[in-house]
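Written below as C-alpha cells is the structure these notes are about.
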Amino acid sequence: MTSHEKSTRKGWALSGPALLWTSLFFLAPMGFVVAVSFWRRVGGTLDRTLTLDNYRTIFEDDVFTTALRSSLEVVLITVVASLLVAYPFAYILAYRVPARWQRPLLILAVLPFWTSYVVRSYSWLLVLAKNGVINQAMMTSGLISSPITLANTRLATVIGFVHFFTMLVSLTIYASLTQIPESYRKAARDLGASPVATFLRVTLPLSMPGVVVGAFLTFVLAIGDFITPQILGGGNELLLPQAIMLQVQRRGDFPLAAALSVLLLVVVGAVYAVFARRLSLERR
Amino acid sequence: MRRIGTLLRTTYVLVVFGFIFLPVVVLIVFSFQDGAVSVPPLRGLSLRWYGELFADGRMMAALRNSVLVAVVSAIICTVLGFIAAYGLARYRPRGAAALRALLIAPLGVSYLVIGLGLSLGFSELGIGRSLMLVIIGHVVINLPLAFAILLSQMNEDQEQIERAARDLGAGEFHVITKVTVPMLLPGILAAFLLSFTLSWDEFVIALLLTRFDVTLPVEIWSALRTGLNPKTNAAGTIVFVLSVSLLFVTYWISRRRIGGQRR
C-alpha cells in the first residue's frame, strides 16, 4: 500500500462518523421523501404502488400552482428589496465610516439576528398590528385617521423577510466591497470618471460576488421558510412551505407533502445550478 | 454639498438601524409592560410577566428541554465535525472534495424538508417522536457548520507541531488530545457555541419531531395561538439575551485567539 492510499484510508475513516450520520439521518430520509412522493394516501394508509398522482395534483390543482407562484413572487420581491436596502448600507459602512468603527457597527447591525426566529416574527406582529406601534404612531401624528391593515398581509411577510435578510445581505456585500483595492477606484477617478461612472463601472461590478451570494442565500432560506409567512402572512395567502405543513398537520397527506417538498428541492436546485459558478465571495 | 452628503448618509444608516432594531426594542420594552396586552401605550413598568413566566411550569420545562437538546446536539456536532475536519485536513484523502460536498449538503435543504424526511422515516421504522429525534435533526443541520468552521481553522503550521510531537514519541491519541485540541480550542468553542445557539432557536424540526415534551420555540409558538401576550415578550427577551451573551463569548474567544497569534 502506498503512503497516499494509506492516508486516503485514514482520512475517510476519520470522516466516517460524520459521514454515517449525514447518510443515515440526511441522505436516507431525503431518499425516503422522494420515494413517498410517488406513493398515494388511501384513507389512513399508504398505497405503495408507484404513481405520479401527487405531481399531477400539484400541477392541476390551483391551490398548489398558486402557492408556487406566490412563493416565487414573495421571495423575488424579498431578494430585490433586501438588496436595495442593504447595498447602500454596506457601501456607507465599507467606504464612509472610519475603519475602527466598521466592525462594531456591523456586529450591532446583525445583533437582532440572534433573537429567536419565532419571536422575531411575533415582534413584527406587535409592530404591525391594528393597535400596534406603527398604526398608533401614524394616528397620533395625524398621518392617518383610522388604523390600516398591515398584519396578515403579503406586505407583512415581505417586511419580516426583508428585515431578516437585510442583515444577512449587508454582511456578504460588505465582505465583497472591502476586498476591492482602493487603488482601483482612485485610478478610475484619476482617469476622469465621475463618481457615478466609477461606481457603475468599477465598484458595482467588482462587488457582484457579494450581491450574488447574498441574493442566493436569501432565495434559498426564504423560499423554504414556514414561520414568517405563517405568523405575519396569517394564512390569507398560502406559500409553498405552508402548503406542505398544511398537508402534514391538517390533512395527514404525507405523499402530497413529500411531492411538494420535492418540488421545493427542485426549485432550489435549479437556482443553485444557475448560480453555482458565481457563488464564491472571493474574487477571481 | 459635502455636508448634505454626510447628513444623508448618516440619516440612511440611522433609518436602517431603526428598521433592524424596531422589533427587538418593541419586544423588550413591552415585556416590562404592566398591562395585559403588548401594544402601546405603555402602561407602567413591572416585572410581573417575568414572574408569571418563571411560574409557568410548561414554559420552564420547555426551557430545560431546549437547553438539553442544544447542549447534547452541539457536543455531537463538535466531536463529529472535529474528527472529520481533522481527517480531511491532515490526511488529504483522495475524493476529499466529494467528502466535503457531502458533509456540507444539508445546508442547501430547507429545515422543513429535513424535518419532514426524518419524521416520515422514523414513523416508518415505528420510532415515536421525542426530544432524542430533535437532537438527531439538529445535528444534521448544524454538523455542516461545525465541520466547516473547524476545517477553516486547520493549517499546516499545526501539522508541523503535531509531527514534532510524534517524533518525540507521542501516539496518535495523545497527539490529538494533548496537542491538536488545545491548539484548536477557540475554533472548537466557536463551533460548539454556534451549534448550541442555532439548535436552541430552531423551530420547524422541533415542531415536527416532538409531541408532548416540546422545546421553547415550539412552546412559544403554541402560546402565540392564544394571542399577543407580554409573557411571550418576556420569554423572547430571555432567549435574545442568552443568545447574544453566547455570541459575545464566541467573539471574545475569537479575538483572544487573534491576540495570541500576534504574540
Practice task
Against chain A, label B:Val139 side chain, backbone, both or neither, depending on which of its atoms sit under 4.5 Å from a heavy atom there.
Solution key: both

Problem - chain A contact via B:Phe248 - side chain, backbone, both or neither, heavy atoms under 4.5 Å - result: side chain

Practice task
Determine, stepwise, if the pair A:Phe32 / B:Leu116 fulfils side-chain contact (heavy atoms from CB on, under 4.5 Å).
Solution key: CA-CA 10 Å; A:Phe32 191 58; B:Leu116 179 67; over 6 Å; no

Problem - Under 4.5 Å from a heavy atom of chain B, the part of A:Val85 involved - result: both

Problem - B:Leu120 portion near chain A, given a 4.5 angstrom heavy-atom threshold - result: both

Practice task
Return yes when atom CZ of A:Phe113 has more than 12 non-hydrogen atoms of other residues, nucleotides or ligands closer than 6.0 Å, and no otherwise.
Solution key: yes

Completion exercise
Heavy atoms of B:Gly117 and A:Val33 approach each other most closely as CA-CG2, 3.4 Å

Exercise for the section: Please report the C-alpha distance between B:Phe19 and A:Phe89 in whole Å, then the side-chain angles of each, then the deciding distance to 0.1 Å, and finally whether the side-chain contact (heavy atoms from CB on, under 4.5 Å) criterion is met. Expected result: CA-CA 12 Å; B:Phe19 172 59; A:Phe89 183 70; over 6 Å; no

Exercise for the section: For this output row, return yes or no: ring centroids of B:Tyr111 and A:Phe226 closer than 6.0 angstrom. Expected result: no

Practice task
Specify which of A:Arg120, A:Gln230, A:Arg48, A:Met167 makes the most heavy-atom pairs with chain B at under 4.5 Å.
Solution key: A:Arg48

Problem - Which atoms of B:Ala105 approach chain A - backbone, side chain, both or neither, heavy atom under 4.5 Å - result: both

Practice task
Answer yes or no: is there a side-chain heavy-atom contact under 4.5 Å between B:Phe21 and A:Pro112?
Solution key: yes

Completion exercise
Honestly, the part of A:Ile107 sitting under 4.5 Å from a heavy atom of chain B is side chain

Exercise for the section: Considering non-hydrogen atoms only, spot the tightest contact between A:Leu105 and B:Phe17 and give its length. Expected result: O-CZ, 3.5 Å

Exercise for the section: Identify which of B:Leu107, B:Val239, B:Leu103, B:Ile76 forms the greatest number of heavy-atom pairs closer than 4.5 Å to chain A. Expected result: B:Leu103

Exercise for the section: Between chain A and each of B:Ile136, B:Val13, B:Leu27, count heavy-atom pairs under 4.5 Å; write down the option with the most. Expected result: B:Ile136

Practice task
Let me know if B:Tyr12 has heavy atoms under 4.5 Å from chain A in its side chain, its backbone, both or neither.
Solution key: side chain

Handout entry: Closest contact, heavy atoms only, A:Gly224 versus B:Ser110
Key = O-OG, 3.1 Å

Practice task
Please flag which part of B:Arg90 lies under 4.5 Å from any non-hydrogen atom of chain A: side chain, backbone, both or neither.
Solution key: neither

Practice task
Below 4.5 Å from any heavy atom of chain A, which atoms of B:Val16 appear? Answer side chain, backbone, both or neither.
Solution key: side chain

Exercise for the section: State whether the number of non-hydrogen atoms from other residues, nucleotides or ligands found under 6.0 Å of B:Met132 atom CE is greater than 12. Expected result: no

Exercise for the section: Find out whether A:Tyr122 and B:Ile220 are in side-chain contact, i.e. whether some heavy atom of one side chain is under 4.5 Å from a heavy atom of the other. Expected result: no

Problem - Within the 6.0 Å centroid threshold, strictly below: B:Phe147 and A:Trp21 - result: no

Fill in the blank from the handout: Checked B:Val204, B:Val15, B:Ile83 vs chain A; the most non-hydrogen pairs under 4.5 Å come from B:Ile83

Practice task
Any chance you could measure A:Leu14, atom CG, to B:Leu80, atom CG, to the nearest 0.5 Å?
Solution key: 12.0 Å

Handout entry: chain B contact via A:Leu264 - which portion, at a heavy-atom distance below 4.5 Å
Key = side chain

Practice task
Among the options B:Leu208, B:Leu99, B:Leu242, pick out the one with the most heavy-atom pairs lying under 4.5 Å from chain A.
Solution key: B:Leu99

Handout entry: Heavy-atom proximity to chain A below 4.5 Å, by part of B:Leu246
Key = neither

Handout entry: Minimum side-chain heavy-atom gap A:Trp124-B:Val26 below 4.5 Å
Key = no

Handout entry: Rounded distance [0.5 Å steps], CZ in A:Phe25 versus CG in B:Leu133
Key = 9.0 Å

Practice task
Sort out for me which of A:Leu20, A:Leu46, A:Val268, A:Leu265 touches chain B most, counting heavy-atom pairs under 4.5 Å.
Solution key: A:Leu265

Exercise for the section: Kindly compute the distance separating CG (A:Asp225) from CG (B:Leu112), expressed to the nearest 0.5 Å. Expected result: 9.0 Å

Handout entry: Least distance between heavy atoms, A:Ala109 atom then B:Ile20 atom
Key = O-CG2, 3.5 Å

Exercise for the section: Report yes if some heavy atom in the side chain of A:Trp12 is under 4.5 Å from a heavy atom in the side chain of B:Leu88; otherwise report no. Expected result: no

Practice task
Tell me, for B:Leu102 versus chain A, whether the close heavy atoms (under 4.5 Å) come from the side chain, the backbone, both or neither.
Solution key: both

Problem - Audit row: A:Arg96, B:Thr6, side-chain contact (heavy atoms from CB on, under 4.5 Å) steps and yes/no - result: CA-CA 9 Å; A:Arg96 295 286 188 268; B:Thr6 311; over 6 Å; no

Problem - CZ (B:Arg166) with more than 12 external heavy atoms under 6.0 Å - result: yes

Exercise for the section: Check for a donor-acceptor pair, side chain of A:Tyr272 on one end and backbone N or O of B:Gly108 on the other, with a separation under 3.5 Å. Expected result: no

Practice task
Taking all heavy atoms of B:Pro23 and all of A:Val127, pick out the closest pair and write down the distance.
Solution key: CA-CG2, 4.2 Å

Practice task
Using a cut-off of under 4.5 Å on heavy-atom pairs, state which of B:Val140, B:Thr10, B:Val24 scores highest against chain A.
Solution key: B:Val140

Problem - chain B contact via A:Ile159 - which portion, at a heavy-atom distance below 4.5 Å - result: both

Fill in the blank from the handout: If you tally heavy-atom pairs under 4.5 Å between each of A:Ile227, A:Asn135, A:Val248, A:Val36 and chain B, the highest tally belongs to A:Ile227

Practice task
Using a cut-off of under 4.5 Å on heavy-atom pairs, state which of B:Glu202, B:Arg9, B:Arg92 scores highest against chain A.
Solution key: B:Arg9

Problem - Backbone N/O of B:Arg94 and side chain of A:Thr8: donor-acceptor pair under 3.5 Å - result: yes

Handout entry: Region of A:Thr166 in contact with chain B, defined by heavy-atom distances below 4.5 Å
Key = side chain

Handout entry: Interface residue of largest heavy-atom contact number with chain B, from A:Leu125, A:Ile231, A:Leu217, under 4.5 Å
Key = A:Ile231

Exercise for the section: Under 4.5 Å, counting heavy-atom pairs only, tell me which of A:Val119, A:Val110, A:Leu27, A:Leu128 racks up the most with chain B. Expected result: A:Val119

Practice task
Measure across A:Gly11 and B:Pro93 and return the closest heavy-atom pair with its distance rounded to 0.1 Å.
Solution key: CA-CG, 4.0 Å

Completion exercise
Bottom line for B:Ile141: the part with an atom under 4.5 Å from chain A's heavy atoms is neither

Exercise for the section: Could you look at A:Val97 and say if it's the side chain, the backbone, both or neither that has a heavy atom under 4.5 Å from chain B? Expected result: neither

Exercise for the section: Identify which of A:Ser23, A:Pro17, A:Gly31 forms the greatest number of heavy-atom pairs closer than 4.5 Å to chain B. Expected result: A:Pro17

Practice task
For B:Ile114 and A:Met30, run side-chain contact (heavy atoms from CB on, under 4.5 Å): C-alpha distance rounded to whole Å, both residues' side-chain angles, the deciding distance at 0.1 Å, then the answer.
Solution key: CA-CA 7 Å; B:Ile114 292 179; A:Met30 287 305 108; 4.3 Å; yes

Completion exercise
dist B:Trp221:CH2 -> A:Ser116:OG (nearest 0.5 Å) comes out at 11.5 Å

Practice task
Would you indicate whether the side-chain heavy atoms of B:Leu143 and A:Phe26 approach each other to under 4.5 Å?
Solution key: no

